[in-house]
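Note sheet for the following structure.
Every chain is numbered from 1, with letters handed out A, B, ... down the list of sequences.
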Protein chains: 2
Amino acid sequence: MSKKQTYSIGELAREFDVTTRTIRFYEDQGLVAPERRGQTRVYTPADRVTLKLILRGKRLGFSLAESRELIGMYQPQSDNRSQLLALQEKIHQRRVQLDQQLRDIQLLHQELDNAEQRCLESLNQLESKENV
Amino acid sequence: MSKKQTYSIGELAREFDVTTRTIRFYEDQGLVAPERRGQTRVYTPADRVTLKLILRGKRLGFSLAESRELIGMYQPQSDNRSQLLALQEKIHQRRVQLDQQLRDIQLLHQELDNAEQRCLESLNQLESKENV
DNA sequence: CAGATACTTTACGTTAACGTAAACTTCCCC
DNA sequence: GGGGAAGTTTACGTTAACGTAAAGTATCTG
């Protein structure tokens with residue numbers, strides 16, 4: 001008895017908090033390709049992972065095209081040297097971008113700390129005035 | 001002699017590698033409000049910082065509306081208690097999101113490492129075949 | 001067996017973030 | 001003083017990523 005785990009489009013939509021329209025749209029764009037039982041779409045765990053990657057990409061501001069490229073990077077089906085080198089370069093570029101994002105996040109985090117600090121000070125000032 | 005440093009729209013466009021159209025669009029959206037010398041826009045260092053924040057937001061996938069909100073957080077002009085509390089909550093939410101992005105980045109970074117590893121292995125296999 | 005629920009396709013609509021083009025003014029330069 | 005170069009306004013165009021509505025099918029359910 002194999003673990004023939006599958007999902008309906010509604011299940012996945014609920015789990016990832018998106019609409020079914022969104023998931024069908026991704027299929028339209030060639031990002032997922034679920035099987036069909038009759039008309040109905042049947043998603044495998046692999047499809048689910050793909051969805052997860054897409055949504056993670058979204059949280060980082062990636063376009064669907066970028067996410068598609070990223071997903072493609074994880075299965076280098078190529079035995080062509082120049083293609084592998086190109087892939088390597090793409091990976092490198094992504095890493096450069098990721099590093100930039102990391103720095104941006106750290107800066108923003110710091111600024112949020114400062115903002116919260118000033119916010120707290122303002123609140124304290126209000127309190128002290130109240131207690132005159 | 002004060003440091004009356006200013007910038008033209010073209011200078012800023014070049015520095016940040018965007019078009020002047022983009023900068024004018026941000027003004028349209030109320031994100032910057034440069035002074036005018038006659039018709040011509042004159043940007044202050046503060047405007048320049050604002051632009052920087054917007055573009056950093058873009059790199060993190062923020063919409064202009066989100067960036068506007070963030071920028072607003074840095075100058076809490078309010079002495080209204082409930083508004084300050086609301087601001088505090090917004091700051092908190094942002095931090096939650098930032099933390100998620102951080103985790104996403106770390107995961108992606110790891111996967112890029114793996115992808116690069118497989119890429120290198122494939123390249124090595126090609127080399128060894130060449131040298132028979 | 002009527003109705004609710006979940007699925008399907010088709011297709012037009014919407015929003016954000018600019019791009020692009022046209023037509024105009026200002027200033028500088030030889 | 002003719003012509004770049006850089007600025008301006010106005011306005012229509014474009015793309016991505018879905019939203020929304022309509023109309024139909026399959027399944028279960030009291």
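- Between the CZ atom of A:Arg24 and the C1' atom of C:dA6 there is a distance of 10 Å, given to the nearest Å.
- With sequence neighbours excluded, no residue forms a side-chain hydrogen bond (donor to acceptor under 3.5 Å, both in side chains) with B:Asp99.
- Judged by distance alone, with hydrogens and angles left aside, the side-chain atoms of B:Gln97 form no donor-acceptor pair with the main-chain N or O of B:Arg94 at under 3.5 Å.
- Looking at heavy atoms from C-beta onward, A:Leu102 lies in side-chain contact with B:Leu102 at the 4.5 angstrom threshold.
- A donor-acceptor pair under 3.5 Å is formed between the side chain of B:Ser122 and the backbone N or O of B:Arg118.
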With sugar-phosphate taken as primed atoms, P, OP1 and OP2 and all else as base, the protein-contact string of nucleotides 20-27 of chain D at under 4.0 Å (heavy atoms; B, S, -) is B-------
What's touching nucleotides 15-17 of chain D from the protein side, N or O pairs under 3.5 Å?
unit_1	atom_1	unit_2	atom_2	d
D:dA17	OP1	A:Leu64	N	2.8

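- Panel note: side chain A:Arg37, backbone A:Thr40; no donor-acceptor pair is recorded below 3.5 Å.
- Near-neighbour residues of DNA chain D inside residues 31-44 of chain B, defined by a heavy atom below 4.0 Å, number-ordered: B:Arg36, B:Gln39, B:Thr40, B:Arg41.
- In this structure, the side chains of B:Leu84 and A:Leu120 stay at 4.5 Å or more apart for every pair of heavy atoms.
- Rounded to whole Å, atom P of C:dT9 lies 13 Å from atom CD1 of A:Ile23.
- Side-chain contact between A:Arg41 and A:Ser8: absent, with no pair of heavy atoms (C-beta onward) separated by less than 4.5 Å.
- For B:Arg95, the side-chain hydrogen bond (donor to acceptor under 3.5 Å, both in side chains) criterion is met by A:Asp113, A:Glu116, not counting sequence neighbours.
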Identify every side-chain donor-acceptor pair in residues 53-62 of chain A under 3.5 Å, counting partners at least two apart or on other chains, and give the distances.
unit_1	atom_1	unit_2	atom_2	d
A:Arg56	NH1	B:Glu111	OE2	3.1
A:Arg56	NH2	B:Glu111	OE1	2.6
A:Arg59	NE	B:Asp104	OD2	2.7
A:Arg59	NH2	B:Asp104	OD1	2.9
A:Arg59	NH2	B:Asp104	OD2	3.4

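- Checked by atom type and distance alone, the side chain of B:Arg68 pairs as donor or acceptor with a backbone atom of B:Gln29 at under 3.5 Å.
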